[in-house]
Q: 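Take a look at the following structure, please.
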Amino acid sequence: MTATTAIGIDIGGTGIKGAVVDLSTGDLLSERVKLPTPKGGRPQDIIETTRTLLGTVSQGVGDLPVGICFPAVVKNGHTMSAANVSSKWIGLAAEALFEKSLGLPIHFINDADAAGYAEAQFGAARDVAGVVLLTTLGTGIGSALLNDGVLVPNTELGHLQIDGHDYETRAAYSAKERENLSWDKWASRLQKYYTTLELLFTPDLFIVGGGVSKHHEDFLPLLRLKTRIIPAVHRNNAGILGAAALAARFPG
């Protein structure tokens, strides 16, 4: 029987967030706890911070499935890349290391894939037919590709090469902040990015997540695309929701 409540933990380049999730509604049943990602993003430091966070989130709720999402290609429990964390993650048996430290089984998944799954279950991609592309605009650009609600994992479309650049270095929200770009100037970079995605995938819907999606009225109307583009419903909580939902569906 699938659990109706689970814990989701979202590990990012700047923060680690977690909460208890109601899987019938997608609502958070606890306060969202957030701790800074340790400087350097080294495996043991992140695992220890995650253990501390889980200790807070899990107080008084009993044994629940735990899902963790992470900014890397995740294949068979191994982190095969490292986006905005230490290169020591590359090739690491990360799922097993987390399970050993936390003392319990977990479900481990790419962070943008978790966000895409959350939006398919509880948000803007729910019951949407065809090809949906979710992108998270934050420290980098994460991506999740869905076809009729089924997730195609590890697409890593933030790293498309456009004009000779790994384009997340040009179009992530961190680039806007770093270069102090206006909404208009940032939107011109997003225009090039999403136009490229249109040419490659002919999607039926774009969904934009990440913390900046709360300011969607400042930049989404500036884009001129053939594809409808809308903000994610769950924004910065989507990784938590997706990790929790997948942990309940695929218990360790």
Side-chain angles (χ1 to χ4, degrees), residues 1-38 41 43-72 74-79 85 89 92-123 125-126 136 142 144 149 151 153 209 211 232-252:
M1 183 175 176
T2 303
T4 57
T5 309
I7 293 171
I9 296 174
D10 182 355
I11 297 172
T14 57
I16 301 175
K17 309 180 290 285
V20 179
V21 177
D22 182 334
L23 300 176
S24 62
T25 63
D27 293 331
L28 301 189
L29 294 177
S30 69
E31 290 293 321
R32 186 180 77 164
V33 178
K34 182 175 182 179
L35 298 175
T37 302
Q44 202 52 52
D45 294 338
I46 285 182
I47 290 170
E48 183 60 29
T49 301
T50 302
R51 192 172 70 83
T52 300
L53 184 144
L54 180 61
T56 301
V57 170
S58 63
Q59 283 184 359
V61 297
D63 293 331
L64 295 177
V66 175
I68 296 176
C69 63
F70 190 84
V74 177
K75 195 166 182 67
N76 299 322
H78 289 67
T79 41
V85 290
W89 287 96
L92 206 61
E95 184 173 67
L97 288 173
F98 275 104
E99 288 183 337
K100 182 178 179 181
S101 177
L102 301 178
L104 47 78
I106 64 167
H107 187 84
F108 194 65
I109 187 174
N110 170 268
D111 55 351
D113 285 342
Y117 188 79
E119 290 295 322
Q121 295 297 305
F122 309 113
R126 187 172 184 176
T136 57
L151 177 69
V233 170
H234 295 287
R235 298 176 186 169
N236 239 7
N237 286 337
I240 293 172
L241 302 186
L246 285 161
R249 184 177 175 186
F250 302 106

Q: Determine the minimum heavy-atom distance between Ala248 and Ala6, stating which atoms define it.
A: CB-CB, 4.4 Å
Q: Sequence neighbours left out, what passes side-chain hydrogen bond (donor to acceptor under 3.5 Å, both in side chains) with Gln44? Give chain and number order.
A: none
Q: Given Val20, which of Ile240, Leu28, Leu64 fulfils the side-chain contact (heavy atoms from CB on, under 4.5 Å) condition?
A: Leu64
Q: Indicate the atoms forming the closest heavy-atom contact of Ile109 with Ala114, along with that distance.
A: CG2-CB, 3.9 Å
Q: Just to verify, what does Asp113 make a salt bridge (Lys or Arg N to Asp or Glu O under 4.0 Å) with, not counting sequence neighbours?
A: none
Q: Does Ala243 have any side chain to side chain contact (heavy atoms under 4.5 Å, CB included) partners at least two apart in sequence or in another chain, and if so, which?
A: Cys69
Q: Find the distance between NZ (Lys34) and CG (Leu53) and round it off to the nearest 0.5 Å.
A: 11.5 Å
Q: Testing the basics here: between Gly242 and Tyr117, what is the closest heavy-atom pair and its distance to 0.1 Å?
A: O-CD2, 4.1 Å
Q: Can you classify the ring geometry of Phe98 versus Phe70 as parallel (below 30°), tilted (30 to 60°) or perpendicular (above 60°)?
A: perpendicular
Q: For the pair Thr79 (side chain) and Ala72 (backbone), establish whether a donor and an acceptor sit closer than 3.5 Å, ignoring hydrogens and angles.
A: no
Q: Please identify each residue that fulfils salt bridge (Lys or Arg N to Asp or Glu O under 4.0 Å) with Glu31, with sequence neighbours left out.
A: none
Q: Judged by atom type as modelled, is there a donor-acceptor pair below 3.5 Å linking the side chain of Thr37 to the main-chain atoms of Gly12?
A: yes
Q: Side chain of Glu119, backbone of Val233: donor and acceptor closer than 3.5 Å?
A: yes
Q: State which residues pass side chain to side chain contact (heavy atoms under 4.5 Å, CB included) with Pro38; sequence neighbours excluded, sorted by chain then number.
A: Ile16, Asp45, Ile46, Thr49
Q: Can you sort out the partners of Arg32 under salt bridge (Lys or Arg N to Asp or Glu O under 4.0 Å), two or more places apart, ordered by chain and number?
A: none
Q: Quick check: closest heavy atoms across Phe108 and Ala94, and the distance to 0.1 Å?
A: CE2-CB, 3.7 Å
Q: Rounded to the nearest 0.5 Å, what separation is found between the CG atom of Leu241 and the NE2 atom of His234?
A: 5.5 Å
Q: CG of Leu246 to CG of Leu23: how many Å apart, nearest 0.5 Å?
A: 10.0 Å
Q: Which pair of heavy atoms, one from Ala120 and one from Gly149, lies closest together, and at what distance?
A: CB-O, 4.4 Å
